[in-house]
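What you see below is based on every heavy atom in this structure, not just the backbone, and it leaves out hydrogens, waters and symmetry mates.
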Amino acid sequence: MSAVAHPNVAARRIFTYAELAAVPPGSSDERLVVVTSYDPAILESTPRAGLMVRDTVARMLAAANAALRENGARLKVADGHRPARIQERYFAEAWEMMRARHP
């Protein structure tokens, strides 16, 4: 199965931070649902309830968790939807951390 390149990025595997930061944000009208909507056995890495993901993502995570359970494991989801302002803050913090480590 070959990966389909996103239309806004070059077809290669490693990108610089500046290249990633330059990709314009996308949009989706797909509804957000709680990550456990299709499989309540999925674990969340933080105690807060209601981690939100796109509906398609929740369905794929449920399928992945079903496959994992066949082998005695469970899926643990660390993060989901972030508002744009939070994502922008995380990118800015990561950028500054990298600049400090590698001037």
Query raised in the report: In terms of side-chain heavy atoms, does Glu44 have a donor or acceptor partner in Thr36 at a distance below 3.5 Å?
Result: no

Requested in this report: Apply side-chain contact (heavy atoms from CB on, under 4.5 Å) to Asp39 and Leu61, showing your working.
Outcome: CA-CA 8 Å; Asp39 186 349; Leu61 291 173; over 6 Å; no

Report task. Go through the steps to decide whether Leu32 and Arg54 satisfy the test side-chain contact (heavy atoms from CB on, under 4.5 Å), and finish with yes or no. Result -> CA-CA 4 Å; Leu32 294 174; Arg54 290 182 185 176; 4.1 Å; yes

Report summary line: Between the CE atom in Met97 and the NE2 atom in His102, the distance rounded to the nearest 0.5 Å is 8.0 Å

Report task. Could you tell me which non-hydrogen atom of Arg69 sits nearest to which non-hydrogen atom of Ala41, and how far apart they are? Result -> NH1-CB, 3.9 Å

Query raised in the report: Hey, does Val77 have a side-chain heavy atom less than 4.5 Å from the side chain of Leu43?
Result: no

Report task. With sequence neighbours excluded, tell me which residues meet ring pair (Phe, Tyr, Trp, His ring centres under 6.0 Å) with Phe91. Result -> Tyr17

Report summary line: dist Ser28:OG -> His81:NE2 (nearest 0.5 Å) comes out at 10.5 Å

Query raised in the report: Which pair of non-hydrogen atoms, one from Ala58 and one from Tyr38, has the smallest distance, and what is that distance?
Result: CB-CD1, 3.7 Å

Requested in this report: Please check if the side chain of Asn65 supplies one atom and the backbone of Leu75 the other of a donor-acceptor pair under 3.5 Å.
Outcome: yes

Query raised in the report: Taking all non-hydrogen atoms of both residues, which atom of Leu68 and which atom of Arg74 are closest, and how far apart?
Result: CD1-C, 4.0 Å

Query - Donor-acceptor under 3.5 Å (Asn71 side chain, Ala73 main chain) - result: no

Query - Electrostatic pair Arg99:Glu96 at N-O distance under 4.0 angstrom - result: yes

Query raised in the report: If every non-hydrogen atom of Ile42 is compared with every non-hydrogen atom of Val35, which pair is closest and at what distance?
Result: CD1-O, 3.8 Å

Query - Nearest-0.5 Å distance, OG1 of residue Thr56 to CZ of residue Arg31 - result: 9.5 Å

